[in-house]
**Student:** 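Here you go, one structure.
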Amino acid sequence: MNKKEIKDYLVQLEIDIDCEELLDAIGLDYERSEDDDTQNVITLRLDPDEYKEMLGDCMWEFKDLNEERLGCMLLNGELAEYCTKVTIIKPNKDVISFS
């Protein structure tokens with residue numbers, strides 16, 4: 001049996017545990033960070049079209065992107081304020097990280 005090639009982008013947003021009630025209220029799944037017990041991690045999978053759409057919707061230049069702006073694009077403005085790190089794992093396993 002051949003393994004299916006992974007084509008999705010894996011996006012992990014680390015977000016302060018102080019907003020745990022907000023995450024619960026909107027039903028977003030998360031888990032405690034293995035590296036920092038003051039952070040929760042929200043994991044999203046984006047297919048290539050969703051990833052391109054996210055970048056296409058970006059009104060900032062890449063050099064101006066940070067974890068809060070990505071959090072706003074992927075979650076919402078209120079939760080973005082709590083984002084401390086965003087890691088994007090591309091299908092080829094390259095990693096882009098903002099913190």
Side-chain angles (χ1 to χ4, degrees):
M1 183 172 151
N2 293 335
K3 289 185 177 182
K4 183 179 176 185
E5 185 178 330
I6 297 174
K7 295 181 180 180
D8 290 342
Y9 291 78
L10 187 67
V11 181
Q12 297 174 321
L13 298 103
E14 290 190 26
I15 192 162
D16 194 283
I17 60 170
D18 289 342
C19 71
E20 209 165 89
E21 288 181 17
L22 286 171
L23 297 175
D24 290 338
I26 60 175
L28 260 175
D29 292 332
Y30 59 89
E31 52 190 36
R32 186 79 63 199
S33 170
E34 293 178 10
D35 301 326
D36 184 348
D37 63 358
T38 68
Q39 302 295 303
N40 287 321
V41 179
I42 300 166
T43 302
L44 305 172
R45 286 192 175 278
L46 302 177
D47 67 35
D49 290 336
E50 292 169 323
Y51 183 74
K52 287 177 189 172
E53 182 180 329
M54 177 192 75
L55 293 179
D57 288 345
C58 181
M59 64 180 136
W60 303 284
E61 291 185 34
F62 189 80
K63 67 181 177 73
D64 296 327
L65 282 177
N66 61 30
E67 65 279 2
E68 190 171 332
R69 289 184 174 152
L70 285 165
C72 189
M73 288 189 302
L74 294 166
L75 301 172
N76 64 41
E78 186 175 9
L79 288 173
E81 294 177 20
Y82 294 96
C83 283
T84 59
K85 183 177 181 181
V86 175
T87 302
I88 301 169
I89 303 167
K90 296 168 59 175
N92 66 1
K93 304 297 184 220
D94 284 348
V95 174
I96 303 168
S97 185
F98 299 87
S99 57

**Student:** For D94, give me all partners under side chain to side chain donor-acceptor pair (under 3.5 Å), at least two apart in sequence or on another chain.
**Tutor:** N92
**Student:** Linking I/L/V/M/F/W/Y whenever any side-chain heavy atoms sit under 4.5 Å apart, do I89 and V86 land together?
**Tutor:** no
**Student:** Would you name the heavy atoms of A80 and G71 that are closest together and state the gap between them?
**Tutor:** CB-C, 3.6 Å
**Student:** By salt bridge (charged side-chain N to carboxylate O under 4.0 Å, His left out), which residues pair with E20, not counting sequence neighbours?
**Tutor:** R32
**Student:** Once rounded to the nearest 0.5 Å, what's the spacing between atom CD1 of I15 and atom CG of L23?
**Tutor:** 5.0 Å
**Student:** Would you indicate whether the side-chain heavy atoms of L75 and L28 approach each other to under 4.5 Å?
**Tutor:** yes
**Student:** Determine whether more than 12 heavy atoms belonging to other residues, nucleotides or ligands lie under 6.0 Å from atom CG of D18.
**Tutor:** yes
**Student:** Is there a path of hydrophobic side-chain contacts, each under 4.5 Å between heavy atoms, that joins L70 and L10?
**Tutor:** no
**Student:** How long is the straight-line distance from CD1 of I88 back to CG of L44, given to the nearest 0.5 Å?
**Tutor:** 10.5 Å
**Student:** Rest of the hydrophobic cluster containing I17 (Ile/Leu/Val/Met/Phe/Trp/Tyr, side-chain heavy atoms under 4.5 Å)?
**Tutor:** none
**Student:** I need the full list of ring pair (Phe, Tyr, Trp, His ring centres under 6.0 Å) pairs touching residues 25-55, with sequence neighbours left out, sorted by first then second residue.
**Tutor:** Y9-Y51
**Student:** Looking at every non-hydrogen atom in both residues, tell me the closest pair between S97 and T87 and how far apart they are.
**Tutor:** OG-OG1, 3.6 Å
**Student:** Is the shortest heavy-atom distance from the side chain of K85 to the side chain of D35 under 4.5 Å?
**Tutor:** no
**Student:** Quick check for you: to the nearest 0.5 Å, what is the distance between E81 atom CD and L22 atom CG?
**Tutor:** 10.0 Å
**Student:** Checking L79 against I26 for the side-chain contact (heavy atoms from CB on, under 4.5 Å) test, could you report, in this order, the C-alpha distance in whole Å, the side-chain angles of both residues, the deciding distance, and whether it holds?
**Tutor:** CA-CA 11 Å; L79 288 173; I26 60 175; 3.6 Å; yes
**Student:** Between E50 and D47, is there a donor-acceptor pair closer than 3.5 Å when you use the side chain of the first and the backbone of the second?
**Tutor:** yes
**Student:** If a pair satisfies ring pair (Phe, Tyr, Trp, His ring centres under 6.0 Å) and one of its residues is in residues 64-89, list it, with sequence neighbours excluded.
**Tutor:** none
**Student:** My understanding is that only residues two or more places apart in sequence, or in another chain, count here; which of them pass side chain to side chain donor-acceptor pair (under 3.5 Å) with T84?
**Tutor:** Q39
**Student:** Consider only side-chain heavy atoms of I, L, V, M, F, W and Y, link residues closer than 4.5 Å, and tell whether L46 and V41 are in one cluster.
**Tutor:** no
**Student:** Determine the minimum heavy-atom distance between E14 and S33, stating which atoms define it.
**Tutor:** OE1-OG, 4.3 Å
